[in-house]
There are 2 protein chains.
Amino acid sequence: MATGRTHRPATRSRGIPEATVARLPLYLRALTALSERSVPTVSSEELAAAAGVNSAKLRKDFSYLGSYGTRGVGYDVEYLVYQISRELGLTQDWPVVIVGIGNLGAALAGYGGFASRGFRVAALIDADPAMTGKPVAGIPVQHSDDLEKIIEEDGVSIGVIATPAGVAQQVCDRLVAAGVTSILNFAPTVLSVPDGVDVRKVDLSIELQILAFHEQRKAGEESNAEAEAEAEAETAAAAVAPPAPRGTTGGAGRKGPDGDVPAVMPA
Amino acid sequence: MATGRTHRPATRSRGIPEATVARLPLYLRALTALSERSVPTVSSEELAAAAGVNSAKLRKDFSYLGSYGTRGVGYDVEYLVYQISRELGLTQDWPVVIVGIGNLGAALAGYGGFASRGFRVAALIDADPAMTGKPVAGIPVQHSDDLEKIIEEDGVSIGVIATPAGVAQQVCDRLVAAGVTSILNFAPTVLSVPDGVDVRKVDLSIELQILAFHEQRKAGEESNAEAEAEAEAETAAAAVAPPAPRGTTGGAGRKGPDGDVPAVMPA
DNA sequence: ATGTCTTTGTGAACGCGTGCACAAAGATGG
DNA sequence: CCATCTTTGTGCACGCGTTCACAAAGACAT
């Protein structure tokens, strides 16, 4: 999960739980795959397997949408594709602007998964004048001076930020001021937005860090098979690189106002 | 959040809740920013604001790691950076391979957020012979024939898949067979892996679809201010594009409009 | 029509995550 | 040394999400 919702905390949207909404695209993908293979119907068990979830969960998810299945048979693939698409709002056209055409922005511009689901890349925007006019994925890059004009003319309500972290907030502000109400943020920053604007964040390095955590745990488990492990590796760690917990009062402990402090060099 | 864990369902890892682990990188980022500005200490309130979370949640999260704060003062920034880094396993070096050097793979290879957090790009791998030897982000691309050798020689345990969906599963199988135990998957497919292997998924289009859902809801709310809205737009929608609820034998019907095929083009 | 068999839809129980609210801990000043 | 003030750490309650398990619904055969 590279995901993390930000705004709109636990507000059930129109009776459909957030967790369910987040899984609908998953079902939709599995269903379109079946549709292409001309499979007419599918059971909750089969579809759940294809989507990588539990079948009970899938049935409950669908129950929020309505009773679209047939007992004893399963779900009609085409019908379900349509119902989910409609629920997600994919039956209409969503113009999207991508701001920041670096490697990532270019990758996004060329990503087939967008166009295939109702998202249309209305414009690519970059602050670098050298990029202006250069076609990326077949679309000419426009200069960020025209950001407001582009958004208003095309009625864009969804913006993707793929800029460096330093300028993400100001880009965000301009997008919002121009009328964008949903933002997908790839920059590693916390964006602050007014009420009514949704922000979703995708952070590439966070996912890796979570993997590292589990990886470390796996490695630790197999070496310290016994109990011993439980007793905080604190002492051992302290021997390696021990910034003092706090100046402390009495302790002679090396207080380090700016002690060496290991690793994690600045981004 | 663009994210979604896959394997390892609700297993509390060593007493630290998954939800907390997922937030640690967030805190770490905020803390390193403070560290760069040489801020010595920070209160839970301030740090929570910087990380975009609730302060009670932050304190509870930290309480799982231990008592690293000082009442009446706050947390020592440097010390906390170290503790979180250690908990996440970032004090050690994690060699990572990226498979599939298209636009996205190239973006990942050059992403600063990796190197700055203990992740080292050990190799870039692509199946296209034309790519072999070509430097991307300063690292020469290697051919996928050498995948197993690279992984074993470098002791790589984390792999990133940025290939087209069609080959993601086989790439995954080869990675796992060669010894990789954590996988970050950018291909829009459900990967199946043996027990003991962690998979995390980042799907760019899923995030947009979730945004679209909320966007649609927002738009619907303001236009249908009254009750009327509640009564399923079923009939109206059916008039627009109504695949029969149970196509049965007759209508083979509209094949999937979108070639789902994901892109993330290989070269 | 009737019975059997498959699969959905959901009531209910459970567990995790979140947020409140407060006591305990320590800093700071007199 | 005592009083006051700030901020942490956490017990507790609540709500969301997940899972189980089963009754109801329909297909299908006889």
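Worth saying up front: this structure is predicted, and the values here are computed from it rather than measured. Each chain gets a letter, A, B and so on, in the order its sequence line appears, and its residues count up from 1.
With hydrogens and angles ignored, a donor-acceptor pair closer than 3.5 Å exists between the side chain of B/Lys60 and the base of C/dG19.
Between the P atom of C/dT8 and the OH atom of A/Tyr64 lies a distance of 17 Å, rounded to the nearest Å. Regarding B/Leu80, its CG atom lies at a distance of 11 Å from the P atom of D/dT8, rounded to whole Å. Between A/Asp76 atom CG and C/dT7 atom P the separation is 16 Å, expressed in whole Å. At whole-Å resolution of the value, CG in A/Leu47 and C1' in C/dT7 are 14 Å apart. A straight line from CD of A/Glu18 to P of D/dT18 spans 12 Å, rounded to a whole angstrom. Regarding B/Arg59, its CZ atom lies at a distance of 13 Å from the C1' atom of C/dT18, rounded to whole Å. The nearest whole Å value for the distance from the NZ atom in A/Lys57 to the C1' atom in C/dG15 is 13 Å. Rounded to a whole Å, the CG atom of A/Leu65 is 12 Å from the P atom of C/dT10.
At a threshold of 4.0 angstrom between heavy atoms, the contacts of A/Tyr75 are confined to the sugar-phosphate backbone, with no base atom among them.
Nucleotides of DNA chain D nearest to A/Asp61 and B/Val42 differ in position, and the one nearer the 5' end is that of B/Val42.
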Original post:
Which is it for A/Ser44 and A/Arg59 under the side-chain hydrogen bond (donor to acceptor under 3.5 Å, both in side chains) test, yes or no, and what are the steps along the way?
Top reply: CA-CA 6 Å; A/Ser44 64; A/Arg59 285 199 302 275; 3.1 Å; yes

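Under the 3.5 Å distance criterion, the side-chain polar atoms of B/Gln216 are matched with a main-chain donor or acceptor of A/Arg86. Put simply, the side chain of B/Gln169 gets close to the backbone of B/Ser192: a donor and an acceptor are under 3.5 Å apart.
Residue A/Arg71 places its side chain closer to D/dA23 than to any other of D/dG17, D/dA23, C/dT18. With C/dC20, C/dT18, D/dG17 as the choices, the nucleotide that has an atom nearest any side-chain atom of B/Asn54 turns out to be C/dC20. Checking C/dG26, C/dA21, D/dC20 against every side-chain atom of A/Ala56, the shortest atom distance belongs to D/dC20.
For the ring-ring contact (aromatic ring centres under 6.0 Å, His included) with B/Tyr68, the qualifying choice from B/Tyr82, B/Tyr79, B/Tyr75 is B/Tyr79, the only one to do so.
OP1 or OP2 of D/dT18 lies within a sub-4.0 Å distance of a side-chain N or O belonging to A/Arg23. Between B/Tyr68 and D/dT7, a side-chain N or O to OP1/OP2 separation shorter than 4.0 Å is absent. For D/dT7, neither phosphate oxygen OP1 nor OP2 lies less than 4.0 angstrom from any side-chain nitrogen or oxygen of B/Ser44.
In this structure, a donor-acceptor pair under 3.5 Å is absent between the side chains of A/Asp198 and A/Ser182.
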